[in-house]
Amino acid sequence: MTRRVRLIVLAFGGAGLAALLAAACFDLPGFGGDRHPYGDRVVRASLARHTANTIASVNFDQRAFDTLGEMSILFASVLGTVVLLRQTRDEHRAEPEPEEVALPIRRYALVVLPVAVLTGLYVIAHGQLSPGGGFQGGVVVATALHLLYLGADYRALERIRPLGTYEAGDALAASAYLVPGLAGLLAGTAFLANFLPFGTFNTLSSGGTVPLLNAAIGMEVACAVVVLLARFLDQAVEIEKGDGK
């Protein structure tokens, strides 16, 4: 396919998308009005399923299949990064030299690290109740682990970050997201339909399948971010080309 043909296909696709977006915008409720059909339906559905956080209800219940696509994009980006940044034949690993860390930074990092990890886990566990959820909590947990790199050295980070384990965790978490969907099919409902008991409103066990899907996303995002940062850090800290650069 030539460059000109690709540009023509892109132009037609862009024009079609623009037409659909324009048609959708013309049918939106007036700005500042009291008519909000989409918002009203979402809130009603969220309350009916005992999910206090409406955003989590949308992501992991009403549009759980869309969230599967978003998770797949992250998983594919991690896979692409692992392939592109893998060690090549003309590269070798050099043991990184530990840098001196100021005592206040070391103390702060080591004190904040467990607090940050617990905060991330809290955000994941309470995603169906309060702002946050698996995506946000997973990023907090993953980045919190790297406080050890700032407060100690790279080798200390490597000891708590076995890449094989996190890569397997990423794959398992992505697969775990599919389990409630397949269970729903076996139960006679639609794929990723919320079929479990909704529990008591404003409790951790509320929301049916929402907490399960939220937990799977949290684990997948945490593992994915750890693997992504590891590959980039390896290139910056450990991997050298054959000429020593």
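Hydrogens, waters and symmetry mates play no part in the numbers below; they use all other heavy atoms, side chains included.
Atom CZ of residue Phe60 and atom CG of residue Leu212 lie 11.5 Å apart, to the nearest 0.5 angstrom. Between atom CG of residue Leu74 and atom SG of residue Cys223 there is a gap of 10.5 Å, rounded to the nearest 0.5 Å. Between the CE atom in Met71 and the OH atom in Tyr177 there is a gap of 6.5 Å [rounded to 0.5 Å]. One finds the CD1 atom of Ile217 at 8.0 Å from the CG atom of Leu68 (value rounded to the nearest 0.5 Å). Separation of atoms OG1 (Thr189) and CG (Leu185) is listed at 6.5 Å; rounding is to 0.5 Å. If you take CG on Asn59 and CG on Asn53, they are separated by 8.5 Å, rounding to the nearest 0.5 Å.
Here the shortest heavy-atom pairing between Leu145 and Val117 reads CD2-CG2, 4.2 Å. In plain terms, the two heavy atoms of Gly127 and Ala56 that are nearest each other are O-CB, 3.3 Å. Contact record, Ser206 with Pro211: O-CG, 3.2 Å, taken as the closest heavy-atom pair. Scanning both residues, Ala230 and Leu163, for their nearest heavy atoms gives CB-CD2, 3.3 Å. For the residue pair Pro162 and Arg159, the shortest heavy atom distance occurs at CD-O, 4.3 Å. Heavy atoms only, all atoms of each residue included: Val226 and Ala142 are closest at CG2-CB, 3.7 Å.
The environment of CZ in Phe191 is crowded: more than 12 heavy-atom neighbours from other residues, nucleotides or ligands sit within 6.0 Å.
For residues 3-18, the set of pairs meeting the salt bridge (charged side-chain N to carboxylate O under 4.0 Å, His left out) definition, not counting sequence neighbours, is empty. Sorted by first and then second residue, the salt bridge (charged side-chain N to carboxylate O under 4.0 Å, His left out) pairs with a member in residues 47-62 read Arg49-Asp61; sequence neighbours excluded. The salt bridge (charged side-chain N to carboxylate O under 4.0 Å, His left out) analysis of residues 215-229, with sequence neighbours excluded, yields no pairs. The side chain to side chain donor-acceptor pair (under 3.5 Å) contacts involving residues 66-77 comprise Arg63-Asp66, where partners must be two or more places apart or lie in separate chains. Among residues at least two apart or in separate chains, ring-ring contact (aromatic ring centres under 6.0 Å, His included) pairs with a member in residues 131-151 are Tyr149-Tyr154.
Two residues are said to be in side-chain contact when any heavy atoms from C-beta on lie closer than 4.5 Å; Val115 and Leu118 fail this criterion.
Not counting sequence neighbours, Phe195 has no partner by the ring pair (Phe, Tyr, Trp, His ring centres under 6.0 Å) test. A search for side-chain hydrogen bond (donor to acceptor under 3.5 Å, both in side chains) contacts involving Glu167 returns Arg231, not counting sequence neighbours. Scored by the side chain to side chain contact (heavy atoms under 4.5 Å, CB included) test, Phe232 finds Thr81, Leu85 as partners (sequence neighbours excluded). Scanning for ring pair (Phe, Tyr, Trp, His ring centres under 6.0 Å) contacts around Tyr122 gives His126, with sequence neighbours left out.
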For the pair Ser57 and Gln62, evaluate side-chain hydrogen bond (donor to acceptor under 3.5 Å, both in side chains) and give the outcome as yes or no after the intermediate values. CA-CA 6 Å; Ser57 176; Gln62 302 169 48; 2.8 Å; yes
Could you give me the CA-CA distance, side-chain angles and deciding distance for Leu192 and Leu213, then say whether side chain to side chain contact (heavy atoms under 4.5 Å, CB included) is met? CA-CA 9 Å; Leu192 287 175; Leu213 297 176; 4.1 Å; yes
Take Thr203 and Thr200, measure what side chain to side chain contact (heavy atoms under 4.5 Å, CB included) needs, and give me the verdict at the end. CA-CA 6 Å; Thr203 62; Thr200 305; 3.8 Å; yes
Val123 and Val140: side chain to side chain contact (heavy atoms under 4.5 Å, CB included), yes or no, with the steps? CA-CA 9 Å; Val123 171; Val140 172; 5.6 Å; no
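Remark: side-chain polar atoms of Ser205 are not paired, donor with acceptor, to backbone N or O of Gly199 under 3.5 angstrom. Listed for the Asn214 side chain is no donor-acceptor partner under 3.5 Å among the backbone atoms of Gly133. With hydrogens and angles ignored, the 3.5 Å screen pairs a side-chain donor or acceptor of Thr143 with a backbone N or O of Val139.
When hydrophobic clusters are built by joining Ile, Leu, Val, Met, Phe, Trp and Tyr residues whose side-chain heavy atoms come closer than 4.5 Å, directly or via intermediates, Tyr38 is not grouped with Ile55. Leu147 and Val111 sit in two unconnected hydrophobic clusters of ILVMFWY residues. Membership requires side-chain heavy atoms under 4.5 Å apart, directly or through other members. Under the 4.5 Å side-chain heavy-atom criterion for Ile, Leu, Val, Met, Phe, Trp and Tyr, Met219 and Val225 are members of distinct hydrophobic clusters. Side-chain heavy atoms closer than 4.5 Å link hydrophobic residues (I, L, V, M, F, W, Y) into clusters, and following such links, possibly through other members, connects Leu150 to Leu228. At a threshold of 4.5 Å between side-chain heavy atoms, the hydrophobic network of Ile, Leu, Val, Met, Phe, Trp and Tyr places Phe75 and Ile124 in two separate groups.
Other residues sharing the hydrophobic cluster of Leu47, ordered by chain and number and joined by side-chain separations under 4.5 Å: Val43, Phe201. If you chain together ILVMFWY residues whose side-chain heavy atoms come under 4.5 Å of each other, Ile8 ends up grouped with Phe12. Residue Leu204 is found in a hydrophobic cluster whose other members, listed by chain and number, are Leu129; membership requires side-chain heavy atoms under 4.5 Å apart, directly or through intermediates.
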